[in-house]
Amino acid sequence: MAYDKFEVLTSTAYPLPIENVDTDQIIPARFLKATERVDFDKNFFRDWRYNQDGTPKADFPLNKEIYAGSKILVGGRNFGSGSSREHAAWSVYDFGLRCVISSAFADIFKGNCLNVGVLPVQVSPEFADKLFDAIMADPKTEIKVDLPNQKVTLVATGESESFDINSYKKDNMLNGFDDIDYLKNIENEISAFAETRPF
Amino acid sequence: MAKTLFDKVWDSHVVRSVKDGPDVFFIDRHFIHEVTSPVAFLGLESRGNSVVYPERTFATADHNTPTINQHLPVEDPLSANQLDALENNAKKHGISHWGLGDKNNGIVHVVGPENGITLPGATIVCGDSHTSTHGAFGAIAFGIGTSEVEMVLSTQCIMQPKPKKMRINVNGKLGLGVTPKDVALYIISKQTTSGATGYFVEYAGDVFRDMSMEGRMTVCNLSIEMGARGGMIAPDEKTFEYIKGRSLTPKGADWDKAMKYWETLYTEDDAQFDEEFNYDASDIEPMITYGTNPGMGMGVTKSIPTAANVEGGAETYKKSLGYMSFSEGDSMIGKPIDFVFLGSCTNGRIEDFRAFCSIVEGRKKADNVTAWLVPGSHKVVDQINAEGLGKIITDAGFVLREPGCSACLAMNDDKIPAGKLSVSTSNRNFEGRQGPGSRTLLASPLVAAASAVEGVVTDPRTLLVS
């Protein structure tokens with residue numbers, strides 16, 4: 001799945017300070033019926049974003065004009081738990097977000113994000129609180145996510161924190177590559193390995 | 001260095017390790033279904049790749065399928081389109097396909113073990129988080145995303161860093177009315193919904209040794225609900241007995257060869273885990289959840305904890321109770337319910353229907369309850385009928401539906417209406433999981449049965465003869 005390279009991103013951010021946001025909320029199951037990857041932004045956080053009559057819920061952060069156009073979402077702890085549906089990561093990307101920041105991610109969601117060009121940035125709970133406080137105090141707060149230097153910074157104050165990413169995945173994100181490119185290059189090694197399996 | 005069961009299976013599937021990166025991890029068995037595979041096939045074809053090992057790939061339709069009138073064309077055009085895509089992709093790429101109407105059709109995590117596709121020491125993936133179910137056989141099995149489905153189709157490998165290792169020991173004897181589902185919900189309530197994130201879990205101790213293969217599947221199935229990539233249990237005689245002679249298990253000399261390998265699959269005495277937890281079987285009651293994640297569970301006779309007594313943010317906790325229309329300190333016993341759902345990859349196997357029938361036999365469904373009883377596969381249906389459970393179900397005023405994922409995730413028509421309260425044997429009580437606005441209480445088949453006949457949340461022990 002091709003995606004744009006990720007290097008340094010400076011943007012305002014949507015705050016979603018709720019813990020254990022599961023992928024059923026990010027995209028409910030009833031919107032998983034497509035056979036092509038198109039328009040998953042439409043139902044991104046569908047039931048939290050819209051009333052049953054289809055009108056937007058004014059108090060939901062993704063609907064607030066002051067955050068519109070942000071490319072970063074700051075979420076609560078254990079973001080992306082539950083279902084393995086990659087549609088959740090697609091909907092993040094299709095909504096225009098390139099980075100999710102949280103103090104903890106669920107494993108499959110994190111892996112899916114990395115595979116589709118969304119950078120999951122895990123920060124300490126203290127730094128996450130700092131980000132929430134700053135955004136709440138000033139919605140125009142800018143956050144700089146520097147992948148080459150693995151650093152996330154509150155632009156206004158210069159406060160920053162390093163984040164981890166393994167160097168293989170980092171290279172992929174920086175270059176817009178994916179795992180299939182890598183695996184197809186070692187096809188012979190894989191087929192030789194397959195021969196050794198007992199079943 | 002002494003190895004754990006997980007080390008043995010993982011390490012033997014590493015084609016190569018990428019420096020400072022993930023392992024290239026070989027996959028023995030790949031399950032696909034209609035929801036998470038179509039985009040993977042599009043990707044595969046757009047790159048000009050083919051399915052490298054169609055014989056290691058197995059397709060079944062389950063998430064989107066109706067549970068009544070399966071002999072008729074599927075009404076929802078979007079669902080029908082996904083089912084067609086699965087069938088066409090399977091045909092085009094030489095993959096075996098158990099579509100709607102096939103005698104082998106059913107929920108992917110039910111039909112895999114039933115047909116002997118699931119084997120000890122195997123690596124198994126599927127674009128579904130409950131793939132962890134297959135760990136019950138001593139396999140490493142976990143859910144993957146659609147990009148990874150494409151990876152496995154086109155290379156039979158994924159790129160995966162090795163998770164950390166956790167062991168959870170439960171020793172002692174389970175009390176009356178306490179089932180494998182309760183053991184799992186108890187562990188998750190202790191671990192919280194993220195306690196095992198980054199880990200692969202081995203379950204050990206008397207309770208799992210004494211447990212049936214079906215019970216082990218229920219426990220491993222729910223590993224993902226505490227954030228673990230998967231859970232596994234060392235194979236033993238019970239495991240070998242279960243898989244022997246199933247349609248796709250190795251036969252003759254291949255079986256002997258495989259057995260030699262399977263007998264090496266245990267954790268060595270001095271092997272180290274990154275985390276270890278011990279629980280006592282006698283502390284476990286029939287469980288029920290009260291909130292909007294599977295970690296928010298308690299003994300069915302307990303009261304909902306106050307925000308001050310739970311980990312995590314009070315705001316999130318209050319939002320959760322607000323969604324459920326419950327209050328701190330509420331007792332669950334006696335709360336009127338609207339729906340009961342027996343089924344899913346967690347509790348859609350024959351043992352679950354036996355448990356349900358043990359309570360409803362000679363009793364009647366409460367008038368205020370709509371019950372959806374959905375077997376996990378056609379083989380489960382056949383067994384229900386062969387054992388005479390069908391008559392018990394009918395006599396008690398229930399109706400058996402046709403197999404599929406159904407109201408577990410409500411992708412088909414089986415949706416719990418907004419505001420309605422459901423006692424569900426499935427795996428997730430997330431907001432809207434069983435239909436927009438629906439409210440879910442996760443519980444065992446025994447709790448579901450007791451509640452279905454009483455019309456209110458009921459402790460099954462009050463209906464069981466000790």
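To find a chain, count down the sequence lines: A is the first, B the second, and so on, and within it residues start at 1. Keep in mind the model is a prediction, meaning the values are calculated, not measured.
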Mark yes or no for whether [X], through its side chain, and [Y], through its backbone, hold a donor-acceptor pair below 3.5 Å.
X	Y	answer
A:D107	B:G198	yes
B:E431	A:Q25	no
B:R428	A:G82	yes
B:Q156	A:I190	no

**OP:** Consider only side-chain N and O atoms of B:T155 and A:K184, and report whether a donor and an acceptor are under 3.5 Å apart.
**Re:**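 Their side chains do not contain a donor-acceptor pair, so the 3.5 Å distance test is not met.
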**OP:** Test A:N20 against every option in B:N293, B:T192, B:T292 by the side chain to side chain contact (heavy atoms under 4.5 Å, CB included) rule and name the one that passes.
**Re:** B:N293
Subject >> Sole candidate of B:L248, B:D254, B:D28 that passes side chain to side chain contact (heavy atoms under 4.5 Å, CB included) when paired with A:F199 >> reply: B:D28
Original post:
For chain B, which residues of residues 137-168 of chain A have at least one non-hydrogen atom nearer than 4.5 Å to it?
Top reply: A:N166, A:S167, A:Y168
For [X], which atoms come within 4.5 Å of any heavy atom of chain A: side chain, backbone, both, or neither?
X	result
B:Q82	both
B:L409	both
B:L78	both
B:N49	side chain
B:H13	both
B:V14	backbone
B:W255	neither
B:I144	backbone
B:N81	both
B:E148	both
B:K260	neither

**OP:** Determine which pairs satisfy salt bridge (charged side-chain N to carboxylate O under 4.0 Å, His left out) with at least one residue from residues 15-27 of chain A, sequence neighbours left out, and list them in order.
**Re:** A:E19-A:R77, A:D24-A:R85, A:D24-B:R433
**OP:** Go through A:I108, A:N112, A:T196, A:D171 and name the one with the most non-hydrogen pairs under 4.5 angstrom from chain B.
**Re:** A:I108
**OP:** Identify which of A:A88, A:G111, A:A34 forms the greatest number of heavy-atom pairs closer than 4.5 Å to chain B.
**Re:** A:A34
Original post:
How about A:N115 and B:M151: do any of their side-chain heavy atoms sit closer than 4.5 Å?
Top reply: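 The answer is yes, as the side chains (C-beta and beyond) meet within the 4.5 Å cut-off.
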Original post:
Is the closest side-chain heavy-atom distance between B:Q160 and A:D179 below 4.5 Å?
Top reply: no
Subject >> CG-OG1 distance between A:L32 and B:T36, expressed to the nearest 0.5 angstrom >> reply: 9.5 Å
**OP:** Can you establish whether the number of heavy atoms outside B:K257 located under 6.0 Å from its atom NZ is more than 12?
**Re:**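 Check fails, neighbour count at 12 or below.
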Original post:
Counting only heavy atoms not in B:E315, do more than 12 fall under 6.0 Å of its CD?
Top reply: no
**OP:** Please flag which part of A:F105 lies under 4.5 Å from any non-hydrogen atom of chain B: side chain, backbone, both or neither.
**Re:** backbone
Subject >> Under 4.5 Å from a heavy atom of chain B, the part of A:P28 involved >> reply: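 No part of it gets close to chain B.
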